[in-house]
> 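Questions regarding the structure given below will be posed in turn.
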Amino acid sequence: MKEIILIKNGELALKGLNRSSFEDKLVKNIRRRLKSIGDFDYKKSQSTIMIEPKNEDTDLDEVVEAISKIFGIACFSRAAAIKKDMQEIMPATVEYLKDELSLASTFKVNAKRSDKTFELKSPQICEELGGYILDHFPNLSVDVHNPEIIVTVEIRDNYAYIRGGQIKGAGGMPVGTGGRAAVLISGGIDSPVASYMMAKRGIELTAIHFASPPYTSERAELKVVQLLQQVSKYSGRMSMLVVPFTQIQEQIKDNCPEELFTLIMRRAMMRTANIIAQKQNCAALITGESVGQVASQTISALACTDAVAQMPVFRPLIGMDKDEIVAISRKIETFDISIQPYEDCCTVFTPKHPKLKPSIEELEKAEELIPLDSLIEKAIEEVKIIPIFANKE
Ligand code: ATP
Ligand code: MG
């Protein structure tokens with residue numbers, strides 16, 4: 001039986017944006033994501049996006065899995081394409097939806113007929129097909145107001161399409177419709193979740209990671225690559241820019257007051273990320289910070305890092321508990337990667353007593369003790385770029 005994926009316009013999570021550019025972007029994102037799974041025909045007609053495998057043995061479960069992570073789709077369905085003949089449609093419906101129908105107790109048939117030459121009108125299709133289903137499933141009765149399953153038959157140009165229950169999509173906006181931002185990504189639990197949340201709003205990501213070899217290992221960097229590969233199943237492909245941060249950290253450690261160390265380092269990260277983001281055409285920065293989580297995330301500490309950014313800093317986790325963040329990281333399957341024990345550069349030189357209410361003036365004064373601008377410039381010259389794809393892209 002030929003099976004396809006149907007995404008209805010009403011099922012696009014569309015709000016306010018220009019509908020056709022939204023749809024074009026969505027189709028482009030779907031195409032790119034499905035390229036490694038098989039060859040497909042894409043059709044946009046009558047407010048529907050149809051995705052049809054060119055090859056009968058394409059694994060549609062894999063397609064559904066991939067599509068359910070693409071932002072911009074509230075829900076979608078798989079459908080069987082059947083010859084436009086009631087004698088074929090009726091047994092095919094029973095066969096195609098047998099698992100769903102045998103578990104339910106109520107249903108209704110919903111018929112749509114865009115091919116007006118079809119032998120029956122919509123109410124007759126409902127009646128005949130409904131009767132046929134009742135004959136085959138003694139567990140079922142018809143409930144037109146609140147059915148457990150709606151069996152939809154659409155008679156279109158080439159085929160009759162049959163579908164049952166909807167599959168929940170990832171929601172959000174198609175990635176790329178919201179501009180581009182740079183996410184500061186560590187190997188922790190939070191920043192992958194922050195990346196996912198901003199991608200969901202249609203933002204295309206560039207990732208910036210600070211590494212401090214030999215204090216941080218190659219394995220720690222690989223962990224970040226793995227995290228981003230998982231995130232990219234939702235966000236689409238991106239570049240990961242690895243910034244060598246060892247010299248900056250060592251200079252801060254050797255020359256600045258220990259209690260300010262973490263904040264000076266975080267401001268150095270922010271300054272560096274800001275310059276890289278501008279070069280990469282990003283209009284905002286993203287971090288995984290949440291108020292009060294650690295000493296460097298008090299309101300005044302956040303104000304100190306904000307002060308060196310020249311673009312908006314988005315912190316989608318700002319008001320969330322760790323439990324809530326963990327729940328999302330489990331859902332998007334980054335959690336198990338995040339908890340692998342590899343050192344992040346932030347944890348390498350942590351002061352015993354970080355200052356909780358630092359002033360920007362004292363930080364600026366301490367920063368004058370090191371040649372920060374030239375250190376940052378040098379680090380940016382040595383940035384390594386790693387392309388990130390969803391595993392099979
Ligand atoms: P996470 O789980 O994201 O590591 P965290 O609770 O460990 O968060 P911090 O280590 O204080 O928090 O880092 C706060 C934020 O700073 C991170 O969410 C991330 O956006 C950024 N960050 C921290 N370390 C790095 C790094 N090595 N490279 C890039 N960004 C980083
Ligand atoms: Mg961290």
Side-chain angles (χ1 to χ4, degrees), residues 181-199 205-213 215-228 230-231 238-246 248-249 252 261-277 282 284-298 301-302 304-306 308-309 313-318 320-330 332 334-351 354 356 376 379-380 383-384 386:
V183 59
L184 283 78
I185 184 101
S186 69
I189 294 169
D190 305 332
S191 42
V193 173
S195 312
Y196 160 84
M197 287 176 70
M198 296 317 297
L205 303 175
T206 294
I208 301 177
H209 175 66
F210 295 91
S212 297
Y215 306 103
T216 61
S217 64
E218 244 174 72
R219 193 62 194 76
E221 192 178 303
L222 183 62
K223 173 184 172 184
V224 180
V225 170
Q226 287 174 337
L227 281 170
L228 290 176
Q230 184 60 26
V231 168
M238 66 177 112
S239 296
M240 167 178 166
L241 288 82
V242 184
V243 187
F245 206 52
T246 315
I248 296 178
Q249 281 192 303
I252 299 172
F261 177 70
T262 307
L263 271 178
I264 295 176
M265 180 193 74
R266 299 203 57 80
R267 276 161 61 93
M269 279 189 181
M270 209 55 128
R271 282 181 218 271
T272 312
N274 193 86
I275 297 171
I276 295 174
C282 296
L285 297 169
I286 301 166
T287 78
E289 291 159 311
S290 130
V291 167
Q293 199 185 70
V294 286
S296 61
Q297 295 174 30
T298 61
L302 293 171
C304 292
T305 39
D306 258 4
V308 296
V313 181
F314 295 147
R315 298 181 170 92
L317 314 185
I318 197 71
M320 290 171 78
D321 282 348
K322 199 74 185 183
D323 286 355
E324 295 169 310
I325 300 169
V326 165
I328 300 176
S329 81
R330 286 188 193 277
I332 65 172
T334 52
F335 183 77
D336 289 339
I337 310 171
S338 290
I339 58 173
Q340 292 171 14
Y342 300 103
E343 287 284 272
D344 183 68
C345 69
C346 282
T347 49
V348 174
F349 311 101
T350 335
L356 293 179
I376 289 176
I380 291 175
V383 161
K384 178 174 77 179
I386 302 175

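Whatever order the structure lists them in is the order used to number ligands and atoms, beginning at 1. When a residue number appears, it is its place in the shown sequence, counting from 1.
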> Pick whichever of L184, I286, D190, T272 has a heavy atom sitting closest to atom 30 (N) of ligand 1.
L184
> What distance separates E221 CD from T216 OG1, expressed to the nearest 0.5 Å?
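If I round to the nearest 0.5 Å, the distance is 7.5 Å.
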> Using a cut-off of 6.0 Å, state whether more than 12 heavy atoms not belonging to E218 lie near its atom CD.
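Check fails, neighbour count at 12 or below.
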> Show the atoms of ligand 1 that are less than 4.0 angstrom away from any heavy atom in I185.
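So the atoms of ligand 1 that pass are 26 (C), 28 (N), 29 (C), 30 (N).
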> Pick from R271, R266, R315, R267: which one makes a salt bridge (Lys or Arg N to Asp or Glu O under 4.0 Å) with D306?
R315
> Considering only heavy atoms of G288, which atoms of ligand 1 have at least one such atom less than 4.0 Å away?
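Close to G288: 17 (C), 18 (O), 20 (O).
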> Which of these, M265, E221, E289, Q297, has its nearest heavy atom closest to atom 12 (O) of ligand 1?
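Shortest heavy-atom distance from atom 12 (O) of ligand 1: Q297.
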> With heavy-atom distances below 4.0 Å as the criterion, list the atoms of ligand 1 near I208.
29 (C)
> Just how far is it from atom CD1 of I337 to atom NZ of K223, taken to the nearest 0.5 Å?
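Between I337 CD1 and K223 NZ, I get 9.5 Å after rounding to 0.5 Å.
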> Just jot down the ligand 1 atoms closer than 4.0 angstrom to any heavy atom of T287, in number order.
20 (O)
> Between T287 and L184 (side chain of the first, backbone of the second, donor and acceptor by atom type, cut-off under 3.5 Å), is there such a pair?
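No, T287 side chain to L184 backbone: no donor-acceptor pair under 3.5 Å.
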> Examine I189 against ligand 1 and note whether any of their N/O atoms are separated by less than 3.5 Å.
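Looking only at distances, the answer is yes, because the N/O contact criterion of under 3.5 Å is met.
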> Any atoms of ligand 1 less than 4.0 Å from a non-hydrogen atom of M269? List them with their elements.
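That gives atoms 24 (N), 25 (C), 26 (C) of ligand 1.
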> Nearest 0.5 Å, what's the CE-CG distance between M197 and D190?
11.0 Å
